[in-house]
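One structure is given below, encoded as structure tokens.
Here the structure is a predicted model, which means the values were calculated and not measured.
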Amino acid sequence: SLHRLAEVHPGFNEEHEVVPAWEIALDELIQLQKKGDLQHIGLSEPTANQIERAVFLAKAKGSCISAIESAYSIATRRAELNGVKEACERHHIHRLFEV
């Protein structure tokens with residue numbers, strides 16, 4: 001699982017384009033999955049846009065995003081308000097909520 005995706009610390013992809021570090025890490029997880037070293041890929045605290053991008057990147061490489069971990073409690077209902085819940089439903093991604 002990729003934890004606390006951040007847009008800082010960009011890296012470079014194979015085409016020498018600047019990309020967020022989490023996209024590079026996601027690509028590595030997809031490669032490990034293809035080798036059989038892991039079964040599922042999850043993301044921790046992504047934005048709705050990051051979910052959409054991760055799903056696109058995973059599908060392009062024959063993989064998928066299996067789960068999303070998001071803070072959720074009586075005091076924190078961001079997943080309902082920021083589009084994360086809807087993105088998960090749209091892509092049939094299991095949501096894990098932590099308190």
Side-chain angles (χ1 to χ4, degrees):
S1 177
L2 290 177
H3 293 278
R4 309 277 185 205
L5 308 184
E7 295 292 341
V8 295
H9 309 300
F12 297 93
N13 64 12
E14 295 164 354
E15 291 81 32
H16 303 289
E17 301 166 324
V18 176
V19 295
W22 71 266
E23 287 187 19
I24 296 168
L26 176 61
D27 188 57
E28 292 295 323
L29 289 177
I30 292 168
Q31 298 309 314
L32 289 170
Q33 185 182 46
K34 286 185 169 188
K35 287 175 32 180
D37 292 338
L38 59 94
Q39 289 184 341
H40 303 285
I41 297 174
L43 308 174
S44 176
E45 293 293 335
T47 65
N49 288 338
Q50 288 170 328
I51 293 170
E52 296 295 339
R53 179 72 177 155
V55 166
F56 172 80
L57 294 171
K59 280 186 180 179
K61 296 195 175 198
S63 184
C64 67
I65 304 301
S66 300
I68 299 297
E69 181 181 35
S70 185
Y72 187 76
S73 71
I74 197 160
T76 305
R77 301 248 188 225
R78 286 188 312 259
E80 290 178 356
L81 304 174
N82 62 10
V84 167
K85 181 180 176 197
E86 290 80 15
C88 290
E89 290 169 354
R90 184 171 36 260
H91 296 291
H92 308 287
I93 300 171
H94 182 71
R95 293 181 316 274
L96 306 171
F97 293 107
E98 60 183 41
V99 180

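Closest of all the heavy-atom pairs between Ala48 and Asn82 is CB-O, 3.7 Å. Across all their heavy atoms, Cys88 and Ile68 have their closest contact at SG-CG1, 3.4 Å. The heavy-atom pair separating Glu69 from Ser44 by the smallest distance is OE1-OG, 3.4 Å. Minimum interatomic distance between Ile51 and Ala87 (heavy atoms only, all atoms of both residues): CG2-CB, 3.9 Å.
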Assess whether side chain to side chain contact (heavy atoms under 4.5 Å, CB included) is satisfied between Val19 and Ile24, documenting all intermediate values.
-> CA-CA 7 Å; Val19 295; Ile24 296 168; 3.6 Å; yes
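In this view, Glu52 and Arg90 satisfy the salt bridge (charged side-chain N to carboxylate O under 4.0 Å, His left out) rule, not counting sequence neighbours.
Atom NZ of Lys35 and atom CD1 of Ile30 lie 14.0 Å apart (nearest 0.5 Å). Taken from CG in Leu32 to NZ in Lys34, the straight-line distance is 12.0 Å, to the nearest 0.5 Å.
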Taking only distance into account, with no hydrogens and no angle test, what donor-acceptor pairs under 3.5 Å do side-chain atoms of residues 57-66 form with protein atoms, sequence neighbours excluded?
residue: Lys61; atom: NZ; partner: Asp27; partner atom: OD1; Å: 2.4
residue: Ser63; atom: OG; partner: Gln33; partner atom: OE1; Å: 2.3
residue: Ser66; atom: OG; partner: His40; partner atom: ND1; Å: 3.2

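Between Ile93 and Val55, the closest side-chain pair of non-hydrogen atoms falls below 4.5 Å.
Applying the 6.0 Å contact sphere to CD of Glu89 captures more than 12 heavy atoms from other residues, nucleotides or ligands.
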